[in-house]
Visitor: 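Questions regarding the structure given below will be posed in turn.
These values consider heavy atoms only, across backbone and side chains, with no hydrogens, waters or symmetry-generated copies. Chain A is the first sequence line, chain B the second, and so forth, proteins listed ahead of strands; every chain is numbered from 1. All of these numbers come straight from a predicted model, not from anything done at the bench.
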Amino acid sequence: MLKPDTTLTSFIKQMQSRIVEIPPTRYVEPGDVKCFCGVDISYKTDRAAAAAVLWDIRSDEVVETKIVQGEPPFPYVPGLLFMREAPLMTAAVKALSKQPDLVLVDGHGIAHPRRAGLAVFVGLALDTPSIGVAKSLLVGKIGELKEGFAPILLNGSTVGFQVNVGRRRPLFVSPGYGVRLESIREILDRLGDGFPKVLLEADRMSRASLR
DNA sequence: GCGACAG
DNA sequence: ATCTTGTCGC
């Protein structure tokens with residue numbers, strides 16, 4: 001896939017910078033999250049597969065899984081991951097027979113150069129609260145660790161947290177759409193420890209569908 | 001100008 | 001993300 005020219009990338013970045021001006025329809029209350037889903041994408045040459053895994057908090061188990069495959073519509077460009085993954089991800093979530101109260105996305109939310117990472121777009125497109133969960137840092141610096149959480153600082157403000165989970169690699173969590181920074185901790189506590197199982201499952205399923 | 005750079 | 005075998009460790 002060819003790299004888009006500078007005119008196109010700068011235009012996309014301009015529009016991306018402005019989505020932060022769109023206020024969410026509502027902010028989710030951590031206690032209202034009964035059902036959530038995780039979405040991830042895997043690739044195989046010219047094929048991409050997005051998996052949406054619906055999880056019920058009460059039963060603590062997978063409720064449903066949907067896979068949507070297609071051609072990657074855009075190359076990987078740091079900061080513009082949403083152009084490559086958001087379309088298939090949102091399609092996979094929409095394919096679920098029941099819509100989740102919250103979506104966990106493999107990637108960053110507002111912990112992004114323009115505060116508009118993949119998770120922001122997926123949540124906005126679905127008009128559903130979302131949170132970004134990444135395995136590595138894209139921007140910002142890590143602040144002082146406090147109770148397992150260390151703030152991701154960007155231009156003087158906190159845009160997310162580095163979550164230390166035992167001796168494993170830390171997670172980088174940030175709000176996507178319709179989730180307050182202050183709600184992140186409480187929501188995360190309801191999802192169990194370590195890298196969210198629902199995202200591990202989405203990774204397994206999307207990869208398996210390409211074989 | 002140079003290095004960094006989610007998946 | 002993906003290409004790839006064995007290997008160190010719990």
Side-chain angles (χ1 to χ4, degrees), chain A residues 1-4 6 8-10 12-13 16-17 19-20 37-53 67-93 103-125 130-142 150-155 158-163 165-177 179 184 188 193-196 198-211:
Chain A
M1 174 141 273
L2 286 67
K3 190 173 71 174
T6 55
L8 179 57
T9 56
S10 66
I12 295 173
K13 288 180 179 178
Q16 182 179 31
S17 298
I19 74 106
V20 301
C37 92
V39 280
D40 189 24
I41 292 185
S42 290
Y43 300 88
K44 174 102 179 188
T45 58
D46 280 28
R47 208 68 193 160
V53 176
I67 303 288
V68 173
Q69 289 192 19
E71 299 241 334
F74 205 79
Y76 169 68
V77 177
L80 298 184
L81 182 61
F82 79 98
M83 289 292 290
R84 182 173 173 76
E85 305 199 328
L88 280 177
M89 279 191 169
T90 61
V93 176
V103 178
L104 252 49
V105 178
D106 193 321
H108 290 288
I110 64 172
H112 177 280
R114 291 170 289 285
R115 303 189 175 213
L118 175 61
V120 174
F121 285 87
V122 172
L124 180 62
S130 64
I131 290 178
V133 181
K135 308 177 197 67
S136 63
L137 200 58
L138 173 60
V139 288
K141 293 182 177 180
I142 303 304
I152 296 175
L153 276 19
L154 183 63
N155 301 317
T158 299
V159 293
F161 302 97
Q162 176 184 98
V163 183
V165 288
R167 104 191 95 181
R168 309 226 155 251
R169 300 198 55 174
L171 312 180
F172 299 88
V173 186
S174 60
Y177 175 81
V179 175
I184 292 289
L188 233 52
D193 305 305
F195 196 77
V198 71
L199 281 179
L200 290 177
E201 185 62 11
D203 177 59
R204 287 182 52 247
M205 298 303 280
S206 60
R207 195 170 317 197
S209 78
L210 290 173
R211 303 191 170 293

Visitor: Quick check: does any side chain N or O of A:Q16 sit under 3.5 Å from a backbone N or O of A:G79, one acting as donor and the other as acceptor?
Guide: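 Here the side-chain-to-backbone pair exists.
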Visitor: Rounded to the nearest 0.5 Å, what separation is found between the CD1 atom of A:I152 and the CG atom of A:L138?
Guide: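 Output value for this atom pair is 9.5 Å.
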Visitor: Would you say the side-chain atoms of A:R84 pair up with the backbone N or O of A:F74, donor to acceptor, closer than 3.5 Å?
Guide: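 A pair under 3.5 Å: yes.
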Visitor: Atom CG of A:L88 and atom CD of A:E71: how far apart are they, to the nearest 0.5 Å?
Guide: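 Those atoms lie 10.0 Å apart.
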Visitor: Counting only heavy atoms not in A:R47 (residues, nucleotides, ligands), do more than 12 fall under 6.0 Å from its CZ?
Guide: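 It does: A:R47 CZ has more than 12 such atoms within range.
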Visitor: Within the 4.5 Å heavy-atom criterion, are A:M89 and A:V105 side-chain neighbours or not?
Guide: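 Yes. Closest side-chain heavy atoms under 4.5 Å.
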Visitor: Students often get this wrong, so: under 4.0 angstrom with heavy atoms, is A:G132 touching a base, only sugar-phosphate, or nothing?
Guide: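 No contact.
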Visitor: Without decimals, in angstroms, what is the distance between A:M205 CE and C:dA1 P?
Guide: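 Taking atom P of C:dA1 as the reference, CE of A:M205 is at 18 Å.
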Visitor: Let's test your reading of the pairing rules: Watson-Crick or G-U wobble, both distances under 3.5 Å, then write DNA chain B as a dot-bracket string with ( ), [ ], | and dots.
Guide: .......
Visitor: Measure CZ/A:R211 against P/C:dT4 and give the value in whole Å, please.
Guide: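 Result: 11 Å.
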Visitor: Counting the atoms with a prime plus P, OP1 and OP2 as sugar-phosphate, which does A:K44 contact under 4.0 Å by heavy atoms, base, sugar-phosphate, or nothing?
Guide: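 Nothing, no heavy atom under 4.0 Å.
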Visitor: Reckon A:L80 touches a base, only the sugar-phosphate, or nothing at all at heavy-atom distances under 4.0 Å?
Guide: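 Base, at least one base atom sits under 4.0 Å.
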Visitor: Among C:dT2, B:dG7, B:dA6, which nucleotide sits nearest the side chain of A:Y43?
Guide: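 Nucleotide nearest to A:Y43's side chain: C:dT2.
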Visitor: Has A:Y76 got its ring stacked on the base of B:dG7, with centres under 5.5 Å and planes less than 30° apart?
Guide: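 The ring of A:Y76 is stacked on B:dG7.
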Visitor: What nucleic acid atoms does A:S42 come within less than 4.0 Å of, heavy atoms only: base, sugar-phosphate, or nothing?
Guide: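 Sugar-phosphate, backbone atoms only, no base.
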